[in-house]
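Structure first, commentary second.
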Amino acid sequence: MTRRPYIVGNWKMHGTRAMLSEARAIDRAAQRHMKVEVALAPPYTLIHPIHREAEQIAVGAQDCHHEDGGAHTGDISAAMVADAGASFVILGHSERRQDHGETDALVRAKAGAAFAAGLRVIMCCGESLQTRESGGAVAFVRAQLAASLPPADQLPAEVADRLCIAYEPIWAIGTGVAATTDDISEMHGEIRALLVELLGADHGAEVRILYGGSVKPDNAHAIFAVPEVGGALVGGASLTADSFMGIALAASDPLES
Ligand code: 13P
């Protein structure tokens, strides 16, 4: 890994202010693991409170609207999450695609809005179990990613610092069964090849590719040893400092885990 491993917690729809103590514990622990970049994407309501106290970790949003503002009741723009203290946004998560019918085109528009607001983007992709079992996983993920990312000429110049990909096979999310290291290796290699095609050799080689889907302290070490894994997007195991930082520890120093 040329860049520091990037370990991002996606709290999904979990967390009230009672969880601030956990975020504080994660922030304190992150100060002891400087070889790893640790970040949290809490619900919108906790972005500002966590950002205000955090000394080490970056705070992000789990989604944003594709327009700057207007008559969109209940929606939140990229500029608003940036104003609350978010430095990045997760886009195209399979739960957004499933629960809210988000299409590749919409996700692409959101990415454009996020970059324009100065945010970093974690762009998610991943196939269903049915697609994997039919043998179409690689073709699906390549097409989904190519259609969800803005065209290369609309990406920021410093794209390797601003964009990160998260491969999250839907069947591995929240199931306790992560993808095998062979499956991860194959898909991350394909994503790397696609990034080089889309962004050119220099930028395409540098964008980090995270794995997500049932990452836990006890499988993190093996996952981080897979070529082209630049970190993890963690759901359930990011909800406590103990398990989340167990994953960060595995990324920080494989010998310690
Ligand atoms: P789990 O780690 O709970 O499987 O969730 C993964 C995920 O969806 C992160 O975005």
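Order of appearance sets the numbers: ligands from 1, and atoms from 1 within every ligand. A quick note: this is a predicted structure, and the numbers were derived from the prediction, not measured.
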Under the 3.5 angstrom rule, does the side chain of Asn219 hit a backbone N or O of Ser214 as a donor-acceptor pair?
yes

Between [X] and [Y], is any side-chain donor less than 3.5 angstrom from a side-chain acceptor?
X	Y	result
Glu127	Trp171	yes
Glu67	His72	yes
Ser148	Arg97	yes

Is there a polar contact between ligand 1 and [X], counting only N or O atoms under 3.5 Å apart?
X	value
Lys216	no
Asn10	yes
Ala237	no
Val234	no

Could you pull out the closest heavy-atom pair between Pro217 and Ser243, with the gap in Å?
CG-O, 3.4 Å

In plain terms, say whether Glu37 and Arg120 are close enough for a salt bridge, that is, a side-chain N and a carboxylate O under 4.0 Å apart.
yes

Arg142 bridged to Glu197 by N-O distance under 4.0 Å:
yes

Quick check on contacts: which atoms of ligand 1 are under 4.0 angstrom from a heavy atom of [X]?
X	result
Gly213	4 (O), 6 (C)
Ser214	1 (P), 2 (O), 4 (O)
Leu233	9 (C), 10 (O)

Should [X] be listed as contacting ligand 1, given a heavy-atom distance under 4.0 Å as the test?
X	value
Cys124	no
Lys12	yes
Gly174	yes

Does atom CG of Asp99 have more than 12 heavy-atom neighbours, drawn from other residues, nucleotides or ligands, at distances under 6.0 Å?
yes

Is the number of heavy atoms from other residues, nucleotides or ligands within 6.0 Å of CD (Gln130) greater than 12?
no

When you measure from [atom] to every protein heavy atom, which one gives the shortest distance, and what is it?
atom	value
atom 7 (C) of ligand 1	Glu168 OE2, 3.1 Å
atom 2 (O) of ligand 1	Gly235 N, 2.9 Å
atom 3 (O) of ligand 1	Gly236 N, 2.8 Å

Could you see which bit of Ala172 sits under 4.0 Å from ligand 1, with heavy atoms only: side chain, backbone, both or neither?
backbone

